[in-house]
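Basis for what follows: all heavy atoms, side chains included, without hydrogens, waters or symmetry-related copies. Numbered from 1 within each chain, the chains take letters A, B, ... in sequence-line order.
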There are 2 protein chains.
Amino acid sequence: MAQAETDEGRGLLAEQRRAAIAAEVRARGGVRVTDLVLRFGVSDMTVRRDLDALARDGLLEKVHGGAVALGESSAHEPGFEAKRTLETAAKEAIAEAAAALVPRGGAVALSAGTTTYALARRLTDVSELTVVTNSMRIAELFAQRLRPPGARHGATVVLTGGMRTPSDALVGPVADQAIRSLNFDLAFVGCHGISIAAGLSTPNLAEAETNRALIAAARRVVAVADHSKWGLAGLATFAPLTAVDTWVTDGGLAETACAEAAEHVRHLLIA
Amino acid sequence: MAQAETDEGRGLLAEQRRAAIAAEVRARGGVRVTDLVLRFGVSDMTVRRDLDALARDGLLEKVHGGAVALGESSAHEPGFEAKRTLETAAKEAIAEAAAALVPRGGAVALSAGTTTYALARRLTDVSELTVVTNSMRIAELFAQRLRPPGARHGATVVLTGGMRTPSDALVGPVADQAIRSLNFDLAFVGCHGISIAAGLSTPNLAEAETNRALIAAARRVVAVADHSKWGLAGLATFAPLTAVDTWVTDGGLAETACAEAAEHVRHLLIA
DNA sequence: CTCCTTCATCGAACATATTCAAACACGGTT
DNA sequence: AACCGTGTTTGAATATGTTCGATGAAGGAG
């Protein structure tokens, strides 16, 4: 097992190296094979095989020259790393703006997704809040914060049941039925695509059905989606644009798109 | 791979060696077999067997070349972790025996609890199995193992919804309603106390209600509880002993208790 | 076209599970 | 005390699996 010179990760187990690669992809949006070769001091073939394994596990997507996080098809452009990190910035900005819409003492629903997850992080300290979600990650977030004091108890969390999708959403009849027995002031829903023709859409049929239930149980619907999702359509539409009371997005949305969107949603909020 | 001479830890008891390995994994995130061989001065096979035992106890995950800490997605709860170290051997034995009751291709329910968690660890590889649970920890366990999508699909997991108790159970009307819409062959339920007068009981009222729903939806009920729970009664009873088809417990139960219990439950299974 | 990336194949080194036997402690009997 | 069966822990041997790097050919990107 001969190792090379640069050796930040010399002696790591193969599994640890893969975990580090996966973390890098999550953090930066993408990695290059050549960079990983230098960083870990292994051959390019070993890195490629790691990327193969991770891609098979659905943790990233291989592209020419390296690998990128899932969910973005336009990865061949130069500078996709920068774009990707900007999008996390966009998500944080959207989350910040959306959090301001949450009423004290209210009941809100959060769909599964990375944008709603960013929003959830800002709601853990809001007291007297009730949160309904079908995301195990979001539920865990609140469970951790709920621990230390007995005094000021933060939000109450209700997790819908269901079966777990690869993207960590709980879906299916169990989830839908649970949601239908509840009512909340506000539903924050993420999506994979948002457009005039297809409205809010996702590639997962079951997730679409669950999102429909979330929307039906809410008095008002807030869509959270960054500008890169405008014009995209997933397999299943779960709501027309007219069902959206407020769309919270980031400043990257083109002016023409802003104007178009504003005609269909009630309020357009640029973070 | 043969012997070693550096023997920092030679002469340690097996348990001490294992505790040291577990601590190392927690501290550094991973260990390799060859390093442990040098450090303890034992053979590679001995190290492997230690890692096997620790992996069975859920303290680490074996990988090629060594072992790594478990996925960090599992939120560490003191309430849960504290109980995990109690009566470990008995719980593992009970889990082993209970796992043998699970039919291939069946649908089973697992209540929340440390004993059912130990049982769940033995069910992750059973194929064609459907598992219903109100424990986020158990659901996470299966989600981790589910990774290779096409290859060998393990169990299908349905998580009931609800609100989270300190001991990691999802309870409340949402959970109860979800369970009532399902049916399963077998329900494995843990409890805080089991006695002739109070039957199966728990200190948490909501959890009792949820367990009642689980029992009502099951054709057969299997109670899993170690001997230390015999004679105890929590605030809320959720089932009389006569509702229990099989009680799986460990050899620590006194003979007089065995005889008493056997009169009330249909089958008594001593692991 | 040229440069770089990717992939398939192979051999070497390493890791693993399985099996068997030796060493040791324990508990009770003679 | 010595003896013996039982069960546990450990190390060695072997066959099988896995990881990894070198090589060279095929295929994209610019």
> Which residue, B:V224, B:V248, B:V222, forms the side-chain contact (heavy atoms from CB on, under 4.5 Å) with B:L269?
Replying inline: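 For B:L269, the side-chain contact (heavy atoms from CB on, under 4.5 Å) test succeeds with only one of B:V224, B:V248, B:V222, which is B:V248.
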> So among B:V221, B:L186, B:V265, which one has a side-chain contact (heavy atoms from CB on, under 4.5 Å) with B:D245?
Replying inline: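 Among B:V221, B:L186, B:V265, the one that satisfies the side-chain contact (heavy atoms from CB on, under 4.5 Å) with B:D245 is B:V221.
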> How long is the gap from OG on B:S201 to CG on B:L232, to the nearest 0.5 Å?
Replying inline: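 Answer for the OG-CG pair, B:S201 versus B:L232, is 7.5 Å.
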>> Per the salt bridge (charged side-chain N to carboxylate O under 4.0 Å, His left out) rule, what does the pair list look like for residues 43-53 of chain A, sequence neighbours excluded?
In response: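 Salt bridge (charged side-chain N to carboxylate O under 4.0 Å, His left out) check on residues 43-53 of chain A returns A:R17-A:D50, A:R18-A:D50, A:D44-A:R48, A:D52-A:K62.
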>> Distance check needed: D:dG11 P versus B:L36 CG, whole Å only.
In response: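 Nearest whole value for this atom pair: 13 Å.
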> In whole angstrom, what separates B:R56's CZ from C:dA17's P?
Replying inline: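 In whole Å, C:dA17 P lies 11 Å from B:R56 CZ.
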> Which is it for B:E128 and B:R104 under the salt bridge (charged side-chain N to carboxylate O under 4.0 Å, His left out) test, yes or no, and what are the steps along the way?
Replying inline: CA-CA 7 Å; B:E128 310 281 320; B:R104 273 194 186 283; over 6 Å; no
> Closest to the B:T46 side chain: D:dG11, D:dG21, D:dC20?
Replying inline: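 Of the candidates, D:dG11 comes closest.
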>> Could you work out, with side-chain hydrogen bond (donor to acceptor under 3.5 Å, both in side chains) as the rule, every residue matching A:S43, not counting sequence neighbours?
In response: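 Per chain and number, A:S43 pairs via side-chain hydrogen bond (donor to acceptor under 3.5 Å, both in side chains) with A:T46.
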> Starting at the 5' end of DNA chain D, which residue's closest nucleotide do you reach first, B:D50 or A:V47?
Replying inline: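 The 5'-side residue here is B:D50.
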> Want to settle it: does B:R18 or A:R18 sit nearer the 5' end of DNA chain D, counting the closest nucleotide to each?
Replying inline: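 Upstream on the strand: B:R18.
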Every protein N/O within reach of nucleotides 4-8 of chain C N/O, cut-off under 3.5 Å:
{"residue": "C:dT5", "atom": "O3'", "partner": "A:G65", "partner atom": "N", "Å": "3.3"}
{"residue": "C:dT6", "atom": "OP1", "partner": "A:V63", "partner atom": "O", "Å": "3.4"}
{"residue": "C:dT6", "atom": "OP1", "partner": "A:G65", "partner atom": "N", "Å": "2.3"}
{"residue": "C:dT6", "atom": "OP2", "partner": "A:R48", "partner atom": "NH1", "Å": "2.2"}
{"residue": "C:dT6", "atom": "O5'", "partner": "A:R48", "partner atom": "NH1", "Å": "3.3"}
{"residue": "C:dC7", "atom": "OP2", "partner": "A:K62", "partner atom": "NZ", "Å": "2.9"}

>> Below the 4.0 Å mark, does C:dT9 have OP1 or OP2 next to a side-chain nitrogen or oxygen of A:R49?
In response: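 No, no such contact exists.
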